[in-house]
Every structure is written in structure tokens, then in C-alpha cells.
Number of protein chains: 2
Amino acid sequence: MDLKALSLHLNLSMTTVSRALNGYSDVSLKTRQRVIEAAQTLGYQPNPVARSLARGKANAIGIVYPLEAGDVADPRFLEVVSGITEGLAPAKIDLLLASATHKGELDTYDRLVHGRRVDGFIVARTLRHDERIDYLRQTGVPFLAYGRSAQCNDYPWFDFDNEAGSVLAVERLVALGHRRIAYIHASLDYNFAFQRHAGFLQGMRMAGLAPEAQWLLPAGLARRSGYTAMSRLLDQPALPSAVIIDNNLAGVGAVRAMLDRGIAIGRDLSVIVYDGIPPDTLLTLKMTSVVQPTQQESGLRMAQLIQKVIAGDDLLADLQMLCQPEILPGESDGPCRP
Amino acid sequence: MDLKALSLHLNLSMTTVSRALNGYSDVSLKTRQRVIEAAQTLGYQPNPVARSLARGKANAIGIVYPLEAGDVADPRFLEVVSGITEGLAPAKIDLLLASATHKGELDTYDRLVHGRRVDGFIVARTLRHDERIDYLRQTGVPFLAYGRSAQCNDYPWFDFDNEAGSVLAVERLVALGHRRIAYIHASLDYNFAFQRHAGFLQGMRMAGLAPEAQWLLPAGLARRSGYTAMSRLLDQPALPSAVIIDNNLAGVGAVRAMLDRGIAIGRDLSVIVYDGIPPDTLLTLKMTSVVQPTQQESGLRMAQLIQKVIAGDDLLADLQMLCQPEILPGESDGPCRP
DNA sequence: GTGAAAGCGCTAACAG
DNA sequence: CTGTTAGCGCTTTCAC
């Protein structure tokens with residue numbers, strides 16, 4: 001069932017049918033209803049390829065996921081993707097997922113852009129200095145960054161207020177009487193980690209506290225690195241009374257390290273972790289957490305945003321969305337005990 | 001730079017240029033080289049949308065990932081996807097990822113099929129009785145199943161020989177002197193779990209052993225359910241000397257449960273787990289495992305297969321691929337000690 | 001309010 | 001071997 005058949009069936013021109021279906025104004029109400037009904041009963045579905053060709057749009061947006069053989073995939077990424085596809089579906093826009101090796105990533109963008117396969121991109125896992133963003137900005141391809149890079153004034157992004165989250169965490173601990181606060185963080189090449197780190201320093205400064213260099217520990221986005229970092233922290237002669245961990249994978253490892261040493265979490269040592277504890281974990285402790293919209297929700301919002309970006313009739317300011325985190329109180333922190 | 005511009009530049013017809021670029025035989029070698037070189041230097045990239053329209057093919061395959069809000073995404077899925085996209089890229093075929101709620105899943109297939117957005121599908125997470133497969137078979141849409149369903153004779157699939165894997169595991173334990181063997185498994189609605197379970201029973205039968213009903217424990221695809229299952233097993237008055245676990249998420253939990261009870265893995269209790277221990281885990285024990293091609297490798301092979309399926313000139317037998325698992329010896333099993 | 005006709009960029013018969 | 005000519009199915013000026 002194509003447009004021609006449908007219009008023949010209705011004794012109308014393809015033009016009219018097309019306009020009726022696409023909600024143009026200059027069609028009589030009666031005709032429109034007749035057309036829509038016939039389309040429904042005959043099960044007419046416009047061919048998206050033909051439509052794309054005629055309109056010069058791909059009706060698809062791309063997302064490139066850099067994943068080497070042997071890499072561990074990030075389950076949260078899939079959840080974002082799920083939200084994105086859901087938010088894109090009503091507009092009949094598809095999500096094209098391309099994976100690329102880290103070094104071949106720009107080529108992949110290039111292929112997709114020049115091949116006119118997508119109308120725009122979502123760039124995930126933003127780095128502080130991100131050559132993908134530089135590249136896209138330079139080529140003028142519409143895109144939305146999931147996370148800001150260092151230079152974030154002149155392109156659209158969706159992000160969390162990472163500084164604010166850390167400040168909230170510090171404030172809470174300070175209110176509980178803590179003054180010796182440690183911080184475990186992922187690589188500062190990730191901009192979210194950089195921002196959270198900056199927020200931690202700022203929160204400390206605001207509270208009149210000086211962060212101790214030996215209590216600022218790098219870890220990674222992995223359970224094991226969190227375990228190691230926490231172990232190293234606990235090996236020190238002078239211990240903090242509280243610790244903030246900037247991602248929940250490292251968080252799992254850190255908590256396990258404390259348990260292994262018989263430390264009473266929330267009493268001996270207060271802990272606040274970003275995003276709580278991941279869903280499928282053996283730990284049952286309710287962690288005090290910095291929480292943000294879920295990955296799915298974020299995906300949904302990003303779907304709306306990227307559509308606006310592509311439409312191109314919004315001000316840049318309306319294409320930059322910063323979500324405010326909150327503190328979800330749990331049982332992993334408590335008053336500072338001398 | 002489009003085809004017309006390129007042919008104008010070369011003083012050739014669009015036809016000839018098109019044929020030269022698409023590797024048709026009836027073009028003189030000289031012309032072809034000239035064309036290819038010009039295309040390269042001028043950076044010509046054919047418009048895939050136009051090509052799709054002309055050829056009546058979407059040049060994309062779809063993969064539907066059912067993910068409800070709140071579900072935990074399976075990182076391995078992303079690894080498969082990565083392999084698939086990689087394998088599809090040389091043929092300029094895109095991977096369209098659509099997520100769907102469980103109940104809306106068939107609608108999603110329908111939309112993609114009738115919208116002619118894809119030439120075929122890969123169906124992941126196959127169930128033993130899978131309505132998606134029934135649906136696709138019935139509508140005649142080309143597809144490849146990642147995992148067989150109960151009725152698997154008349155459609156293409158890629159799968160592991162799950163029965164064989166369990167038999168291997170049992171045989172190894174029996175050779176080590178074990179006779180009391182427990183089995184922890186995911187929901188038997190998943191066909192892989194059903195098959196591994198069947199393989200376990202078969203292996204026991206072949207060894208002249210009768211499986212004990214109370215040592216067959218259901219768990220899920222999750223750490224915590226593995227922990228629970230193993231705890232329940234260890235609470236029993238009579239204990240087995242070995243246990244096989246059919247997935248590595250439950251495996252993590254089970255191992256942790258043993259450690260928490262001070263059980264010496266490989267001495268007090270021998271353990272074999274499918275797929276080893278997942279990458280980012282706090283456990284360091286080298287597990288004896290049933291191993292299979294990695295997710296990425298599987299994805300690559302599936303990419304080849306689905307292309308054959310779509311081409312449609314292979315026998316069904318060549319479109320069904322069964323990979324043989326192997327045993328990777330580790331430190332988690334040992335001789336049965338009375 | 002409706003229709004005729006010209007593309008969108010490429011492929012594929014069919015001639016030569 | 002190469003070129004001419006129709007499409008693929010839809011959108012969109014431009015007339016009426």
C-alpha cells in the first residue's frame with residue numbers, strides 16, 4: 001500500500017493525500033478525515049526512505065559508542081540509549097548505533113556524516129578535552145553532548161550539575177560535624193569527574209576546610225579500583241572521618257574494602273557515594289547518595305533536546321540543560337565521633 | 001558531490017560511473033580506475049538514502065532490546081552489539097537499535113518492518129517459547145536468532161552448544177571423583193538455561209549418577225540470586241562435593257556466599273561456572289569455567305550470518321551456527337575429598 | 001482547496 | 001563497453 005494506491009482509492013491526487021496526512025492547513029476538514037480514515041483501515045505507512053530522500057533528512061540520529069575488544073561495556077549506557085530511542089520514537093526518528101575503536105572514532109563520525117545517514121549525533125562519555133566535540137563543532141554537524149567538555153559555551157549539551165552535587169555532599173558531612181573528609185574519584189580526564197572534584201574542593205573551601213592531599217585518591221570506574229583506593233586510604237596512619245566517592249562502581253569496591261576490615265560504615269567512617277549502589281550488587285547497606293535523574297529519564301530528555309537542536313530554531317541557551325542533583329539520605333553516614 | 005557532478009567531471013554517464021563504483025563487470029578497467037580515483041580525490045560518497053530507495057533495501061538491520069524503566073541493562077548485550085556493528089560496517093549496513101517495553105515489543109517489530117526501515121532483524125535474549133520468533137517467522141521477515149527457541153529447525157540462528165558445555169563440566173567433575181553434584185541455574189524460560197540444565201541431567205545420566213532434587217536450585221541472572229541460592233544450598237544437612245552454575249552473574253554471588261561461610265573453594269567444594277567471572281568483580285579467584293567465543297566475536301559472526309540470511313541464497317543448514325564450548329581449567333575445582 | 005509536474009540521488013533495464 | 005531512459009515513493013513548488 002503506497003501513496004499512489006491510496007490516492008487512487010480515494011479519487012484524490014497524491015499531493016492532497018500527502019498534505020492531509022502531514023497535517024498541512026490547506027486541506028478541507030472533510031477530505032482530511034476521509035484520508036486519515038482510509039489510511040488507517042488500509043494500513044498505509046509512508047515509506048521512510050522515500051520521505052527521507054524527498055526531504056533531505058535521514059530521520060535518524062547517531063550515537064557512537066567506543067568499545068574495544070576486551071573493554072567492559074557500561075550497562076548504564078544501554079539505559080540511556082533505551083531512554084533516547086523511546087523519546088525519539090514518536091517523531092519517527094531512529095537511533096543508529098555505531099561502535100568504533102577509540103582511534104577510529106572520528107572516522108566513524110565522518111562516515112555517518114558524509115554518508116548522510118544521520119541528521120545529528122549524541123556524544124556520550126564526554127571527556128574534558130574531547131576531540132569528537134571539537135570535530136563536530138568544526139564541521140557544523142548538529143549534535144548534543146551528554147556531559148560538557150571544558151569549553152562548553154557554544155554547543156548544546158545535557159548534563160548534571162556535578163559541582164553542586166559535591167558541594168551538597170560536603171555540606172551534609174560538615175553539618176554532621178565532619179572536618180576530615182577524603183575523596184575518591186575517577187580519572188579527571190572525564191569531565192564529570194573533574195567537575196565533581198572541583199565541587200569537592202569548593203565545598204571544602206566554603207566550609208573553611210583544607211583538603212588533605214593524601215586523602216584525595218584516584219580510582220577508576222570499576223569496583224576493583226575502588227577497593228584498592230579505599231584500602232590505601234585505610235592503610236594511612238591518620239584517617240579521615242568521612243569519605244565521598246564520585247562514582248558508584250568504585251563505591252561498591254570501597255564499601256567492600258571497609259567491610260573486609262570490619263569498619264562500621266556510618267559510625268567509624270561516614271560515606272557518601274554518587275548514584276548510590278548499582279542495582280545488582282551483593283551489598284545491602286542503604287547508602288547516602290548524590291542522586292540524579294535516572295539514565296532512562298536522561299535519555300528521554302536528551303531525545304527532546306536533540307530534536308530541537310536539529311530543528312535549529314532555538315537559542316543555544318535553551319539547548320543546554322543542567323540537572324540539579326539531590327542528596328538521598330541513607331544509613332552510611334552519621335555524626336562525626338571524635 | 002553527487003553522482004551527477006562526478007560523472008560530469010569525468011565526462012561519463014552516471015550509469016557508467018555507478019557501475020564502475022559498484023564493481024560491475026562490464027566496465028573497462030581503465031575507466032573503472034579513473035572513476036575510482038576521481039571519486040576518492042573528490043570525496044564522493046553515495047547517498048545511502050537514494051541508494052536504498054532505488055534498490056528497495058534499507059541497508060540496515062534492526063535489533064530490539066526490551067528494557068523497561070528500572071530494568072538493569074545487560075552489559076554483555078552491548079558487547080554483542082559492538083561486534084555486530086563492526087561486522088556490518090564493511091557492507092555499509094547500519095544497526096538500528098530500538099528498545100521496547102516487553103509488551104510493546106511486537107509492535108516495535110511491526111513498525112520497523114512495515115516502515116521498511118530494516119532489511120532484517122537480530123533477535124536477542126531468546127526464550128524457549130518466543131513469540132517474537134513466531135511472529136517473524138509468520139510474517140516472513142528475514143531474521144537471525146541469537147539463541148535457539150524450542151522449535152529451531154526452520155529458521156536461522158547463532159548459538160552455543162549449551163548441552164555440550166554442561167556435559168563437559170559434569171565429565172570433568174566426575175573425572176575428579178565427584179558424585180554429589182549440585183546445579184544452580186537461571187530461569188528455564190531462557191532457552192540457554194533450559195539447554196544447559198538438560199545437558200547437566202544428561203551428563204549425570206551418562207556418568208550413572210542421579211541428580212538430587214534438592215541440589216537443583218533456581219537462581220536468576222543476578223549476583224544476589226546466586227548468593228541466595230548458594231546460601232540455601234549450604235544450609236542443607238547433606239552437602240554436595242561440587243556445584244555447577246549456569247551463568248556468571250549468579251556465579252559471583254555464589255562464590256561470595258561460599259567465601260562468607262569460610263568454605264575453601266576447590267577443596268571443600270568444587271565449582272565450575274559458565275563464562276568465568278565477569279570482568280569488573282572483586283573476586284580474584286581463577287574459576288574453572290565453561291568458555292565460549294566472546295560476545296564481540298559472536299557479534300561478528302552474527303553479522304556475517306544475517307547478511308547471508310538477507311541475501312537469501314544459502315541453505316538453511318548454512319544459516320545455523322553452533323559453537324562448541326570448552327573447559328578453561330582454573331583453581332576452583334579439585335579432587336573429591338571424602 | 002486541489003492537482004500537475006518536477007525533483008530528491010541513485011540503480012537497472014534496455015539499447016546501441 | 002557505454003549511454004538513454006525510466007523509475008524507487010514521497011514532498012513541494014506552482015498553477016488553477
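Here is the naming used below: chain letters follow the sequence lines, and residue numbers restart at 1 for every chain.
- When each of A:N47, A:D94, A:N59 is checked for a side-chain hydrogen bond (donor to acceptor under 3.5 Å, both in side chains) with B:R117, only A:D94 meets the rule.
- At the phosphate of C:dT2, neither OP1 nor OP2 sits under 4.0 Å from any side-chain N or O atom of A:S13.
- In this structure, A:F121 and A:Y109 have perpendicular ring planes: the angle between them is above 60°, well past the 30° mark.
- Protein atom CZ of B:R51 is 9 Å distant from nucleotide atom P of C:dA12, rounded to whole Å.
- Taking atom CG of residue B:N11 and atom P of nucleotide D:dC1, one finds them 20 Å apart after rounding to whole Å.
- Rounded to whole Å, atom P of D:dC10 lies 15 Å from atom CG of A:L12.
- The residue among A:P48 and B:V27 whose nearest nucleotide of DNA chain D is located toward the 5' end is B:V27.
- Distance B:D2 CG to C:dT11 P: 12 Å, rounded to the nearest Å.
- Distances shown here put every side-chain N or O of B:S28 at or beyond 4.0 Å from the OP1 or OP2 atom of D:dC1.
- Contact check, B:N22 against C:dT11: a side-chain N or O comes under 4.0 Å of OP1 or OP2.
- Using a 4.0 Å heavy-atom cutoff across all strands shown, A:D26 reaches at least one base atom of the nucleic acid.
- Residue-level contact check: B:N47 touches the backbone only, with heavy atoms under 4.0 Å from sugar-phosphate atoms and none from bases.
- Atom C1' of nucleotide C:dG9 and atom CG of B:N59 are separated by 14 Å, given to the nearest angstrom.
- In this structure, A:F160 has its ring center at least 6.0 angstrom away from the ring center of A:F192.
- Here B:D159 pairs with B:R148 in a salt bridge; the nearest charged N to carboxylate O distance falls below 4.0 Å.
- Atom CD of B:E37 has 12 or fewer heavy atoms from other residues, nucleotides or ligands within 6.0 Å.
- A salt bridge is absent between B:K308 and B:D318: the closest approach of a Lys/Arg side-chain nitrogen to an acidic carboxylate oxygen does not fall below 4.0 angstrom.
- Of all nucleotides listed (D:dC8, C:dT2, D:dT11), D:dC8 comes nearest to the side chain of B:L53.
- When distances run from any side-chain atom of A:L3 to the nucleotides D:dC10, C:dC10, D:dT12, the shortest one goes to D:dC10.
- Contact annotation: A:T31 reaches the phosphate of C:dT2 (side-chain N/O to OP1 or OP2, under 4.0 Å).
- Counting to the nearest Å, the P atom of D:dG9 and the CZ atom of B:R55 are 16 Å from each other.
- For B:T15 against C:dA12, a side-chain N or O and a base N or O form a donor-acceptor pair under 3.5 Å.
- At whole-Å resolution of the value, CG in B:L6 and P in C:dT11 are 12 Å apart.
- One N or O donor and one acceptor, one from the side chain of A:R19 and one from the base of C:dG3, sit under 3.5 Å apart.
- For B:L21 and C:dC10, the CG to C1' distance is 11 Å, given to the nearest whole Å.
- Between B:L29 and A:Y24, the residue anchored closer to the 5' end of DNA chain D is B:L29, taking for each the nucleotide with the nearest heavy atom.
- The side chain of A:S18 contributes an N or O atom lying less than 4.0 Å from OP1 or OP2 of D:dT11.
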